[in-house]
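Written below as structure tokens is the structure these notes are about.
Convention: sequence-line order gives letters A, B, ...; per-chain numbering from 1.
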Amino acid sequence: MTIFQEIQTQVQQAFPTLFGSEVELNKITINETPKDFIGDITLVVFPLLKITKKNPEESAKTIGEFLVNNNKNITAYNIIKGFLNLEINNDYWINYVLNQESGIKNQDKNETVLIEYASPNTNKPIHLGHVRNNVLGYALAGIYKANGFNVIKANLTNDRGIHICKSMVAWQHFGNGETPENTTDLKCRKGDHLVGKYYVEFDKHYKQQIADLIEQGKTKEEAEKQAPIMLAAQEMLLKWENGDAETIALWKTMNAWVYAGFDITYKSLGVDFDKFYYESDTYLLGKTIVDEGLKNNVFFKKEDGSVWIDLTEDGLDQKLVLRADGTSVYITQDIGTADLKYADFKMDQSIYVVGNEQDYHFKVLKLIMQKLGRPYADGIHHFSYGMVDLPSGKMKSREGTVVDADDLIADMINIAKEQTEALGKIDDFTEDEKTALFKTIGLGALKFFLLRVDPKKRILFDPKESIDLHGFTGPFVQYTYARTRSILRKASQQSNIDHRPSTIDYTLHASEKELIKVLYKYTIILEDSCKEMNPAKLIDYSYEVAKTYNKFYNDCPILAAEKEEEKIFRLHLTEQTGNIIKQCFAIVGIDVPERM
RNA sequence: GGCCGCGUAGCUCAGGGGAUAGAGCAACUGCCUUCUAAGCAGUCGGUCGCACGUUCGAUUCGUGCCGCGGUCACCA
């Protein structure tokens with residue numbers, strides 16, 4: 001229990017005695033005291049006045065008096081307007097530091113959470129938008145784990161469908177047998193780029209053919225439907241669904257190229273998965289559930305044989321769940337996969353990390369599963385995040401206006417390299433150590449950049465202004481960590497810092513106390529970031545820790561402290577700061593260097 | 001047009017019924033013979049989109065309007 005909660009419940013329990021009436025816990029608002037006032041914790045009395053039946057000053061005085069007399073950690077209080085500012089005993093903070101275990105862990109929740117993220121299409125390499133998805137998904141999984149949940153990271157790979165056939169058709173027509181092994185295009189040695197090249201190629205020819213047909217007097221709609229290359233793709237999709245050997249062989253070959261490429265990108269992003277689902281395995285599953293829903297009158301059939309659900313009573317509209325020809329649509333597959341996930345993992349919560357352009361789709365999916373009476377339906381949650389936009393607007397793979405993930409990662413590492421080398425602090429590093437450090441810093445900057453913004457908000461990325469390494473950034477926090485490590489290394493050469501006094505007698509420096517208070521909040525923030533499903537909360541906190549430590553570092557000598565006890569205490573503070581930074585970053589998937 | 005989301009400093013973002021609205025970047029000024037200056041301190045910069053309402057108190061909640069984005073496919 002934190003001291004915030006402790007005071008809150010203590011005041012609640014005392015209320016009948018003090019004021020002759022009960023009070024709800026949530027009426028007792030406790031805040032940190034703003035910097036310019038005296039005190040550590042502030043209780044706002046305004047909401048309590050109706051119950052105390054006294055004016056703000058008197059009410060605050062009664063509570064303040066009570067707390068000072070009955071809580072040994074509270075030494076003094078002052079009242080400004082309706083704010084009761086409480087001062088916490090120095091020893092409370094000092095003991096907190098001295099008795100803090102290094103590994104803070106939350107209790108096991110005995111609850112399973114499945115988090116689906118990444119979920120790429122196998123027709124093109126991933127871009128910055130997908131990177132946001134990957135980084136958010138991985139961070140969210142880390143946050144749930146750190147909060148004691150059993151987490152399954154799932155990747156639903158979109159490996160079939162018309163868009164996949166487009167790349168295949170284009171490769172057949174224009175590929176001339178190009179493979180990742182024999183290609184002269186360096187970029188295409190990585191198979192996802194090779195396949196992506198033909199996806200773009202398809203679109204180019206498709207557009208040309210449409211233009212030609214329109215010139216021949218067709219309408220735009222006719223042209224779009226009759227373009228030979230599109231007909232070829234549709235034909236290929238049918239062949240694929242019928243299991244045509246040649247088509248399946250080509251599909252397998254090209255998908256294998258893509259997977260080899262994805263593996264490299266996942267690896268450099270440092271993300272991983274416990275379970276891969278493939279749409280080619282799951283796309284038929286939804287159909288039996290559609291039958292079930294028809295029997296239960298959740299769905300209805302129209303004259304042409306197509307199957308629908310009526311969601312008008314839920315404020316939505318009618319939604320198709322199966323085509324007249326009996327083939328699946330997007331949501332049919334998701335219905336089937338939802339059941340499959342539950343069969344596999346019996347999860348309590350099922351989180352979908354998918355962009356906010358699909359808000360409507362997931363609203364529908366959840367409603368359908370609820371109407372079908374699925375036990376996991378209420379646990380479905382769409383973790384909806386904003387798009388990454390460029391100054392020129394939206395990224396579009398087909399039009400080539402994307403920031404490629406591999407390029408971006410390489411750029412970031414390069415920026416890290418240039419700036420690190422310019423500082424000249426790591427000249428004694430081996431080449432391997434340097435390479436590792438540049439990657440740590442470059443990816444740290446990138447991930448921090450993507451995570452520091454509220455997930456539901458869109459991000460504007462300007463390729464011309466590279467991601468910063470100073471200020472509110474990943475490298476700033478990493479730097480602070482390296483700083484703590486540097487001091488601890490020096491300390492270990494000097495004396496034994498393992499010696500831990502049970503108590504210590506001196507007045508905390510203001511910056512020292514400020515730092516302790518920030519460290520104290522760690523578990524609260526970790527819990528909040530999970531409840532609010534917001535990695536930005538943890539990122540923001542890691543920055544606050546670093547910033548506060550740097551101030552402390554500047555104000556308080558550590559190794560050169562006047563008294564030995566002081567030095568030992570400050571080394572403990574330094575160690576804990578480093579531990580918390582490292583933990584925060586590990587949770588969201590950012591590495592931390594020993595030196596930089 | 002219906003529905004959903006977002007409008008906070010020149011730019012990128014925090015805050016989310018409570019005190020004087022905070023960071024970073026950009027601009028300017030100090031601080032390295034002393035533990036890593038990727039740092040610290042400071043100056044400059046705001047009608048929290050607009051209006052009404054609820055409240056002791058609204059940037060925060062509600063309604064309306066304006067602006068931006070998304071979505072309303074037998075695409076995924």
Side-chain angles (χ1 to χ4, degrees), chain A residues 29 31 33-37 42 44-47 49-50 56 80-83 85 119 121 123 158 160-164 279 302 304 306-308 315-317 319-325 327-331 333-334 354-361 363 384 386-387 389 393-394 416 419-420 422-423 425-426 441 445 449 452-454 456-462 465 468-480 482-491 494 511 536-537 539-540 543-544 546-547 549-561 567 570-571 574 595-596:
Chain A
T29 45
N31 298 327
T33 304
K35 273 212 80 183
D36 299 335
F37 297 92
T42 295
V44 186
V45 299
F46 291 112
L49 301 183
K50 281 201 181 108
I80 297 170
K81 297 184 189 172
F83 300 94
N85 299 321
S119 304
N121 293 338
N123 61 346
N158 211 315
R160 52 135 249 133
I162 189 73
H163 52 295
I164 310 297
E279 270 200 18
K302 286 196 176 174
D304 65 355
S306 58
V307 181
W308 296 71
L316 309 177
D317 47 27
K319 191 83 191 162
L320 179 94
V321 294
L322 198 69
R323 293 191 188 102
D325 65 2
T327 58
S328 306
V329 290
Y330 180 42
I331 202 147
Q333 308 178 24
D334 274 350
V354 178
N356 63 11
E357 56 193 356
Q358 294 194 37
D359 284 355
Y360 184 79
H361 172 78
K363 224 182 252 178
S384 166
M387 300 288 103
D389 291 326
K394 228 182 149 178
Q419 298 202 22
T420 304
L423 291 174
K425 294 180 186 177
I426 57 152
I441 295 171
F449 174 82
R452 57 172 256 236
V453 180
D454 183 340
K456 66 174 181 284
K457 291 189 178 164
R458 65 187 204 109
I459 285 183
L460 185 77
F461 177 78
D462 190 345
E465 297 174 23
D468 218 318
L469 271 47
H470 301 268
F472 184 15
T473 68
F476 171 89
V477 180
Q478 288 172 325
Y479 172 76
T480 308
R483 211 174 216 184
T484 67
R485 301 307 294 165
S486 169
I487 288 180
L488 293 170
R489 268 194 307 274
K490 290 216 163 105
Q494 290 183 6
S511 307
K537 197 121 202 169
I539 288 290
D540 197 60
Y543 174 71
E544 194 187 352
K547 174 111 184 123
Y549 181 82
N550 282 331
K551 169 134 178 76
F552 158 74
Y553 174 92
N554 226 264
D555 294 347
C556 303
I558 299 166
L559 295 173
K567 174 172 153 186
R570 287 176 178 172
L571 283 169
T574 298
R595 280 180 61 193
M596 69 184 271

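Checked against B/A38, B/A76, B/C35, the side chain of A/Y553 finds its nearest nucleotide in B/C35. Checking B/U36, B/C74, B/A14 against the side-chain heavy atoms of A/S306 singles out B/C74 as nearest. Candidate nucleotides B/A38, B/U36, B/G18 were compared by shortest atom distance to the side chain of A/F46, and B/G18 ranks first. Among the nucleotides B/C6, B/U36, B/A76, the one closest to any side-chain atom of A/K457 is B/C6. Taking the side chain of A/R323 as heavy atoms from C-beta on, and the options B/A76, B/A14, B/A38, the nearest nucleotide is B/A76. Candidate nucleotides B/C6, B/G18, B/C72 were compared by shortest atom distance to the side chain of A/D317, and B/C72 ranks first. Among B/A37, B/C6, B/C74, the nucleotide with an atom closest to any side-chain atom of A/R483 is B/A37. Each of B/C13, B/A76, B/U71 was ranked by its minimum atom distance to the side chain of A/H163; first place goes to B/A76. The side chain of A/D304 lies closest to B/C74 when the candidates are B/C40, B/A38, B/C74. Candidate nucleotides B/U36, B/C40, B/C74 were compared by shortest atom distance to the side chain of A/F476, and B/C40 ranks first.
When the C1' atom is compared between B/C68 and B/C50, the two are found 15 Å apart, to the nearest whole Å. One C1' atom belongs to B/U59, the other to B/G22, and the distance between them is 12 Å to the nearest Å. Comparing the C1' positions of B/C66 and B/G10 gives an interatomic distance of 23 Å, to the nearest angstrom. Nucleotides B/A26 and B/G16, compared at atom C1', are 28 Å apart to the nearest Å. Going from the C1' atom of B/U8 to that of B/G46 covers 8 Å, rounded to whole Å. Across B/A58 and B/C48, the matching P atoms stand 13 Å from one another, rounded to whole Å. On the P atoms, B/G70 is 23 Å away from B/A9, given to the nearest whole Å. As rounded to the nearest Å, B/A41 and B/A23 have C1' atoms that lie 15 Å from one another.
The base-pairing partner of B/U36, taking Watson-Crick or G-U wobble contacts with both distances under 3.5 Å, does not exist among the strands shown. With a 3.5 Å ceiling on both atom-pair distances, B/C48 lacks any Watson-Crick or G-U wobble partner. Under the Watson-Crick or G-U wobble criterion, with both distances below 3.5 Å, B/C61 is paired with B/G53. As the counterpart of B/C68, B/G5 is assigned, both hydrogen-bonding distances of the Watson-Crick or G-U wobble pattern falling under 3.5 Å. The nucleotide B/U12 finds its pairing partner in B/A23, both defining distances of the Watson-Crick or G-U wobble pair being shorter than 3.5 Å. B/A41 and B/U29 make up a base pair, with Watson-Crick or G-U wobble contacts both under 3.5 Å.
With rounding to the nearest 0.5 Å, the separation of OG1 in A/T574 from CD1 in A/I558 is 3.5 Å.
Residue contacts shown for A/V44 include a base, since a base heavy atom lies under 4.0 Å away. Heavy atoms of A/M387 sit nowhere under 4.0 angstrom from any nucleic acid atom. Across all strands, A/K425 comes closer than 4.0 Å to base atoms (heavy-atom distances). Within 4.0 Å of A/I441, counting heavy atoms only, lies at least one base atom of the nucleic acid. If you check every strand for non-hydrogen atoms under 4.0 Å, A/P47 touches a base.
Under 3.5 Å, the side chains of A/N356 and A/R458 contain no donor-acceptor pair of N or O atoms. A/Y330 and A/N158 form no side-chain donor-acceptor contact under 3.5 Å, judged by distance and modelled atom types alone. Side-chain contact annotation: A/D468 with A/T473, donor-acceptor N/O pair under 3.5 Å absent.
Between the side chain of A/R595 and the main chain of A/K425, a donor-acceptor pair closer than 3.5 Å is present. Although no hydrogens or angles enter the test, the distance criterion places a donor-acceptor pair under 3.5 Å between the side chain of A/R570 and the main chain of A/P557. Remark: the backbone N or O of A/A416 is paired with a side-chain donor or acceptor of A/T420 at under 3.5 angstrom.
In this structure, A/R452 satisfies the cation-pi test against A/F472, with its NZ or CZ atom closer than 6.0 Å to the six-membered ring centre and inside 45 degrees of the ring normal.
For A/Y479 and B/A38, the shortest distance from a side-chain N or O to OP1 or OP2 is below 4.0 Å.
A tilted orientation is assigned to the rings of A/F476 and A/Y543, their planes being inclined by 30° to 60°.
In this structure, B/C32 shows a glycosidic angle within 90 degrees of zero, which is the syn conformation.
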Which pairs, protein N/O on one side and nucleotides 19-28 of chain B N/O on the other, fall under 3.5 Å?
residue	atom	partner	partner atom	Å
B/A19	N6	A/T42	OG1	3.0
B/A19	N6	A/N85	OD1	3.2
B/A19	N1	A/N85	OD1	3.4
B/A23	O2'	A/Y543	OH	3.3
B/G24	OP1	A/K547	NZ	3.1
B/G24	O2'	A/F472	N	3.3

